[in-house]
J.: 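I am attaching a structure below and will ask some questions about it afterwards.
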Amino acid sequence: MPRDRRPPVRTAPGRSATSRALSLLDAFDAAHPAMTLSQLARRAGLPVATAHRLLGELVAARLLARRRDGSYEIGARVWQLGLLAPPTSLREAALPHLQDLVVATGHTVHLAVLEDRRALVVERLARSRSQPTRHSPGGHLPLHCTAVGKVLLAHAPPELQVEVLRAPARYTPWTVTDPEALRRQLATIAASGSARSTQEHRPGVWSVAMPVTGPAGVVAALGVLAPLTAPRLASALSPLAAAAGAIGASLADVDLGEASEAPLAPLPPE
């Protein structure tokens, strides 16, 4: 069954030092939060000597940190830089409304934005009886078989739709992989303003999502997830629409392209 995590980066000969350093950062994911030098070199496709030199520079810049056991983990500077990203401002604006939506529906809610050919989870909230999800903030979801993904894809540029629908992956027996059927779904979603997914990404789970519209158009998708045994979608639609509208209205006062800058230590010279 396909996984949402990207495969390890493999670097080609002759790539720049910056590209090789980024391949080391890209080697980390939820399943690999800390790695040794040899593990990082292997996942980044780098010689051990090259990886060792670049890791030293990344540690000096606080982009990575070295633990007592000698392994490496993501450093504090990455977190500081992450706070400057537009999704952070979106999350802060949306959080009160997400909390209200959890109370109103009793189910898991999540907010996602388009990133490349996937949906990036910006925030996820759940109550104890809610449907658990594997995708915490920072995780990714496919676009063609999740409700939030379908919303984002329905409002994406046509060339991205063509690329995503060229060979949709099958995650469950219920995943729709026929490109023409998916195109019809996207047209319906764009017209109706909501998307649904029933066991298309995970067995036993349904979800519904709606777009969050800011001053520049659709900026995110807001979704509710629940087990199939939970009350049907109709009861979630009204509070979901209210929350999506409230988040969109709050974005009028938020510049998603600007953020206050935290002081950072200078990068070491190349």
Side-chain angles (χ1 to χ4, degrees), residues 1-6 29-30 87 90-91 94 98 101-102 105 107-126 130-157 160-179 181-213 218-230 232-233 236-237 239-241 243-244 247:
M1 186 174 294
R3 297 188 178 188
D4 298 320
R5 189 175 69 242
R6 288 176 292 176
D29 58 26
L90 171 63
R91 175 192 173 275
L98 298 180
L101 184 58
V102 170
T105 63
H107 298 306
T108 297
V109 303
H110 59 184
L111 184 71
V113 297
L114 185 65
E115 185 186 59
D116 194 15
R117 290 171 293 174
R118 299 178 295 174
L120 170 66
V121 179
V122 174
E123 184 56 277
R124 176 189 65 87
L125 297 178
S130 298
Q131 175 65 29
T133 175
R134 305 183 188 99
H135 304 284
S136 298
H140 290 90
L141 295 167
L143 295 176
H144 69 285
C145 61
T146 61
V148 289
K150 290 180 182 183
V151 165
L152 295 171
L153 188 58
H155 295 278
L160 178 59
Q161 294 182 2
V162 170
E163 186 176 357
V164 171
L165 300 185
R166 184 173 293 121
R170 181 175 296 280
Y171 287 81
T172 75
W174 299 275
T175 304
V176 179
T177 58
D178 177 64
L182 287 169
R183 288 189 185 95
R184 290 193 295 269
Q185 282 192 18
L186 296 181
T188 300
I189 292 165
S192 68
S194 66
R196 303 186 184 195
S197 172
T198 303
Q199 303 193 96
E200 293 178 45
H201 184 230
R202 290 177 57 191
V205 178
W206 63 255
S207 61
V208 60
M210 293 184 178
V212 174
T213 304
V218 173
V219 297
L222 178 62
V224 174
L225 298 86
L228 286 177
T229 55
R232 301 309 298 168
L233 295 173
L237 291 176
L240 177 61
I247 295 171

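Computed from a prediction, not measured in an experiment: that's the story for all the values here. Excluded from the calculations below are hydrogen atoms, water molecules and symmetry mates; all remaining heavy atoms, backbone and side chain alike, are included.
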J.: Check whether W206 reaches the backbone of Q199 with its side chain - one donor and one acceptor, N or O, closer than 3.5 Å.
T.: no
J.: From H110 NE2 over to S207 OG, what is the distance, rounded to the nearest 0.5 angstrom?
T.: 6.0 Å
J.: On a heavy-atom basis, which atom in C145 and which in T175 lie closest, and how many Å separate them?
T.: CB-CG2, 3.9 Å
J.: Test of understanding: with salt bridge (Lys or Arg N to Asp or Glu O under 4.0 Å), list the residues that count as partners of R184, not counting sequence neighbours.
T.: none
J.: Do W174 and S197 touch side chain to side chain, with heavy atoms closer than 4.5 Å?
T.: no
J.: Under the side chain to side chain donor-acceptor pair (under 3.5 Å) rule, collect the residues that match up with S192, sequence neighbours excluded.
T.: none
J.: Kindly state each residue pair satisfying side chain to side chain donor-acceptor pair (under 3.5 Å) with at least one member in residues 142-156, sequence neighbours excluded.
T.: K150-Q185, K150-E200
J.: How close do A220 and L90 get, counting heavy atoms only, and between which atoms?
T.: CB-CD2, 3.8 Å
J.: For the atom pair OG1 (T177) and OH (Y171), what is the distance rounded to the nearest 0.5 Å?
T.: 12.0 Å
J.: Is there a side-chain contact between Q161 and L153 (heavy atoms, below 4.5 Å)?
T.: yes
J.: Please name the pair of heavy atoms, one in I189 and one in A154, separated by the smallest distance, quoted to 0.1 Å.
T.: CG2-CB, 3.7 Å
J.: Could you pull out all residues at least two apart from A112 that satisfy side chain to side chain contact (heavy atoms under 4.5 Å, CB included)?
T.: A119, V148, L152
J.: Report the C-alpha separation of L225 and H107 in whole Å, then their side-chain angles, then the decisive distance to 0.1 Å, and conclude whether the side chain to side chain contact (heavy atoms under 4.5 Å, CB included) test is met.
T.: CA-CA 6 Å; L225 298 86; H107 298 306; over 6 Å; no
J.: What distance do L111 atom CG and I247 atom CD1 have between them, rounded to the nearest 0.5 Å?
T.: 5.5 Å
J.: If the condition is side chain to side chain contact (heavy atoms under 4.5 Å, CB included), which residues does D178 pass it with, not counting sequence neighbours?
T.: E180, A181
J.: Between H140 and D116, is the side chain to side chain contact (heavy atoms under 4.5 Å, CB included) condition met? List the steps.
T.: CA-CA 10 Å; H140 290 90; D116 194 15; over 6 Å; no
J.: Could you give me the CA-CA distance, side-chain angles and deciding distance for L240 and T105, then say whether side chain to side chain contact (heavy atoms under 4.5 Å, CB included) is met?
T.: CA-CA 9 Å; L240 177 61; T105 63; over 6 Å; no
J.: Just so I know, are the side chains of T198 and L228 near enough to count as touching, which here means a heavy-atom distance under 4.5 Å?
T.: yes
J.: Could you walk me through whether V218 and L114 pass the side chain to side chain contact (heavy atoms under 4.5 Å, CB included) check?
T.: CA-CA 10 Å; V218 173; L114 185 65; over 6 Å; no
J.: Scan V208, V122, L98, V151 and name whichever one has a side chain to side chain contact (heavy atoms under 4.5 Å, CB included) with L222.
T.: L98
J.: Under 3.5 Å, side chain of R117 to main-chain N/O of V164, donor-acceptor pair present?
T.: no
J.: Only counting residues at least two apart or in another chain, list the ones meeting side chain to side chain donor-acceptor pair (under 3.5 Å) with E123.
T.: R91
J.: Closest heavy-atom contact between M210 and S194?
T.: CG-CB, 4.0 Å
